[in-house]
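Since the model is a prediction, treat every value here as computed from it, not as a measurement. Protein chains get the first letters and strands the later ones, always in sequence-line order, with residue 1 at the start of each.
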Number of protein chains: 2
Amino acid sequence: MTELRAEWTGKRLELIETAGPLFANSGIDGVSIREIAEKSNVNIASINYYFGSKENLYIEALRYVAWQVRCPLAQKILQDKDIDYSTKKHCISIIKKLIEERVQNYLSDKYPMWYSRLLLRSLIEPPAKFENVLFHTFIPEFNALVEILMKCNPRNTIEKCKFWAFSILGEISFYVFAEPGIKLAINITEKYTQEFLSQLQKHITSLILKGLDLREG
Amino acid sequence: MTELRAEWTGKRLELIETAGPLFANSGIDGVSIREIAEKSNVNIASINYYFGSKENLYIEALRYVAWQVRCPLAQKILQDKDIDYSTKKHCISIIKKLIEERVQNYLSDKYPMWYSRLLLRSLIEPPAKFENVLFHTFIPEFNALVEILMKCNPRNTIEKCKFWAFSILGEISFYVFAEPGIKLAINITEKYTQEFLSQLQKHITSLILKGLDLREG
DNA sequence: CAAATATTAAAACAATCGTTTGATTTAAAC
DNA sequence: GTTTAAATCAAACGATTGTTTTAATATTTG
């Protein structure tokens with residue numbers, strides 16, 4: 001666990017942690033600063049005092065969760081010059097870890113569920129101001145993912161590897177953004193159990209590895 | 001193409017078609033009835049006159065798109081008693097069609113993109129009132145999908161087949177709800193081309209069939 | 001302690017929200 | 001042609017929105 005940035009401390013952090021889940025559930029327009037102030041036990045003026053505006057608070061909350069649940073494993077792996085991508089075993093191990101990281105950071109109780117919900121919400125409704133956050137989190141991780149997939153399967157074109165990267169991201173993201181619908185479908189009301197997530201991780205890993213012709217053994 | 005319902009005609013239809021894309025992009029709270037009235041060239045009072053309230057207009061728009069882009073193929077297939085699920089060929093053909101139907105209805109220019117965007121938005125933010133729409137569209141289609149997957153692969157448990165169904169839905173849905181982020185990642189500004197969608201459909205079909213051990217030949 | 005700064009508080013700001021009213025116009029029915 | 005209903009309109013409703021102001025209170029600094 002890395003340190004939080006200095007900007008995410010004290011009252012600022014409190015406000016982010018209070019407003020965040022509200023934003024994640026109802027969007028920026030679905031939450032009033034009075035509701036945030038009330039639940040956070042601060043005066044309404046504090047929001048503008050600490051963040052300048054409601055929109056800035058939203059953007060800060062977005063930057064905060066993007067930092068928390070970021071998945072830098074792919075970039076780290078790419079820096080390792082000792083990896084031999086010609087052996088199936090290594091490639092399988094890498095892809096397994098890449099999927100595990102995202103299931104852990106997006107879906108497990110390592111972080112509150114609203115972290116990933118707020119992050120993914122910025123994917124569906126990206127006002128101009130949010131693109132900056134996306135550009136520094138989602139895009140680099142995506143590009144690293146594509147690069148690794150290229151090395152694991154050099155015969156594939158970059159276009160095909162982008163499809164594979166989107167498959168990995170999509171499979172996991174679906175359980176975040178469609179969470180209410182999914183729980184309706186499988187008839188549960190509580191949060192995903194660890195057992196469920198373990199099975200899900202296995203399922204996605206198997207699906208992707210098979211697709212990439214990287215079946216073990 | 002089936003007929004539209006009587007409730008979706010005239011001024012009501014006009015209002016739905018005007019408000020729909022706004023709702024899909026910004027959510028119910030991100031659009032004002034004055035903006036809708038202005039773009040629709042009607043008086044503000046018309047919205048309450050025709051729908052009773054803004055929320056009802058939103059729900060009607062949701063019911064409208066859910067009806068339009070619904071994917072009833074799975075239910076239809078299940079009614080056909082002549083299908084032999086023990087032959088790989090039939091199973092492959094069925095799953096291909098199921099994926100094609102969703103890519104067509106959700107992503108192609110068969111329908112405006114905001115249809116599927118609004119529908120999927122109801123998955124991420126389902127107020128109590130929207131659950132009703134979900135329950136009559138998303139859930140039955142999902143259940144039928146699971147049932148077909150069970151018949152294609154009787155050795156699988158129902159839990160595993162649910163994962164497979166979610167995989168199919170998730171792979172395609174990702175390109176709807178994360179559309180802005182995806183276009184940022186692959187650096188395009190226009191809508192998905194037919195060529196891109198054709199490749200995407202091939203990719204998802206191959207991915208799912210391989211995962212289900214239904215590789216052709 | 002005194003001065004300067006940072007934080008909190010209540011109140012009011014203008015603007016916008018969804019909705020309603022009541023009058024007027026259009027269309028349909030007899 | 002008269003009557004009845006449907007549709008449209010401008011205007012105003014009270015409530016709520018995000019933000020600002022101004023004063024009071026902590027906190028920190030010298």
Side-chain angles (χ1 to χ4, degrees), chain A residues 4-64 118 121-122 125-130, chain B residues 4-64 118 121-122 125-130:
Chain A
L4 284 183
R5 292 184 178 163
E7 7 177 339
W8 300 324
T9 53
K11 274 273 151 59
R12 281 175 63 91
L13 179 60
E14 274 183 46
L15 277 167
I16 288 174
E17 282 281 350
T18 309
L22 301 175
F23 284 148
N25 279 333
S26 311
I28 186 171
D29 298 312
V31 188
S32 71
I33 57 169
R34 281 173 180 79
E35 185 183 355
I36 296 168
E38 194 177 343
K39 293 205 177 181
S40 196
N41 290 319
V42 301
N43 194 270
I44 323 171
S46 298
I47 286 158
N48 282 287
Y49 177 76
Y50 281 107
F51 294 94
S53 71
K54 177 190 180 184
E55 191 183 5
N56 278 351
L57 167 58
Y58 187 91
I59 293 173
E60 267 310 295
L62 186 56
R63 295 210 312 135
Y64 170 75
L118 185 63
R121 191 179 267 279
S122 74
E125 38 185 344
K129 292 209 175 185
F130 304 167
Chain B
L4 283 184
R5 293 183 179 164
E7 14 183 326
W8 302 323
T9 53
K11 274 271 151 58
R12 281 176 63 91
L13 179 60
E14 274 183 46
L15 277 167
I16 288 174
E17 281 282 348
T18 309
L22 302 175
F23 285 148
N25 279 332
S26 311
I28 187 172
D29 298 312
V31 188
S32 72
I33 58 170
R34 280 172 179 81
E35 185 182 354
I36 295 169
E38 193 178 344
K39 295 205 175 179
S40 196
N41 290 319
V42 302
N43 193 271
I44 323 170
S46 297
I47 287 158
N48 282 289
Y49 177 77
Y50 282 108
F51 294 93
S53 71
K54 178 192 180 186
E55 191 182 3
N56 278 350
L57 168 57
Y58 186 91
I59 293 173
E60 266 311 294
L62 186 57
R63 295 209 312 135
Y64 172 74
L118 185 63
R121 189 178 268 279
S122 73
E125 37 185 345
K129 291 208 176 183
F130 303 168

Range on DNA chain D touched by chain B - first to last nucleotide, heavy-atom distance under 4.0 Å: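 Here the contact window of chain B covers D/dA6 to D/dA12.
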
To the nearest 0.5 Å, tell me how far [X] [atom1] sits from [Y] [atom2].
X	Y	atom1	atom2	answer
A/L57	A/R12	CG	CZ	9.0 Å
B/I59	B/S122	CD1	OG	11.0 Å
A/L62	A/N56	CG	CG	12.0 Å
A/I33	A/S53	CD1	OG	10.0 Å

Give a yes/no answer on whether the side chain of A/K11 brings an N or O atom under 4.0 Å of OP1 or OP2 in C/dT8.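 For A/K11, the contact criterion (side-chain N or O under 4.0 Å from OP1 or OP2 of C/dT8) is met.
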
Does C/dT16 have its OP1 or OP2 closer than 4.0 Å to a side-chain nitrogen or oxygen of B/S32?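 Negative; the distance criterion is not met.
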
When you compare the side chain of B/Y64 with that of B/L118, does any pair of heavy atoms fall below 4.5 Å?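 No - every pair of side-chain heavy atoms lies 4.5 Å or more apart.
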
Residue pair A/K11 / A/E14, side-chain heavy-atom distance below 4.5 Å: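 A/K11 reaches A/E14 side chain to side chain.
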
Please report the distance, rounded to the nearest Å, between [atom1] in [X] and [atom2] in [N].
X	N	atom1	atom2	result
B/F51	C/dG18	CZ	C1'	16 Å
A/E14	C/dT7	CD	C1'	13 Å
B/I47	C/dT20	CD1	C1'	14 Å
A/N43	C/dA6	CG	P	19 Å
B/E38	C/dC17	CD	P	11 Å
A/I33	C/dA10	CD1	C1'	14 Å
A/N48	C/dT8	CG	C1'	14 Å

Contact class for A/I44 vs. all strands (heavy atom < 4.0 Å): base, sugar-phosphate, or nothing?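 Contact class for A/I44: base.
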
Mind checking B/Y50 for me? I need base, sugar-phosphate or nothing, with any heavy atom below 4.0 Å counting as a touch.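 It contacts sugar-phosphate atoms only.
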
Taking salt bridge (charged side-chain N to carboxylate O under 4.0 Å, His left out) as the test, write out the residues that go with A/R63, two or more places apart.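 So A/R63 forms a salt bridge (charged side-chain N to carboxylate O under 4.0 Å, His left out) with A/E7, A/E60.
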
Under-3.5 Å N/O pairs linking protein and nucleotides 22-24 of chain C:
none

Flag, side chain of B/K54 to backbone of B/N48, donor-acceptor distance under 3.5 Å: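 Flag not set: sc B/K54 to bb B/N48 has no pair under 3.5 Å.
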
Dump every N/O contact between nucleotides 25-27 of chain C and the protein below 3.5 Å, one line per pair.
none

Please tell me which of A/Y49 and A/R34 maps to the more 5' nucleotide of DNA chain C, matching each residue to the nucleotide holding its nearest heavy atom.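 The 5'-side residue here is A/Y49.
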
List the atom pairs, with distances to 0.1 Å, where a side-chain N or O of residues 34-45 of chain A and a protein N or O form a donor-acceptor pair under 3.5 Å, not counting sequence neighbours.
{"unit_1": "A/S40", "atom_1": "OG", "unit_2": "A/T18", "atom_2": "OG1", "d": "3.3"}
{"unit_1": "A/N43", "atom_1": "OD1", "unit_2": "A/A45", "atom_2": "N", "d": "3.0"}

Set of residues satisfying ring-ring contact (aromatic ring centres under 6.0 Å, His included) with respect to A/F23, sequence neighbours excluded: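 In terms of ring-ring contact (aromatic ring centres under 6.0 Å, His included), with neighbours along the sequence ignored, A/F23 is linked to A/Y58.
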
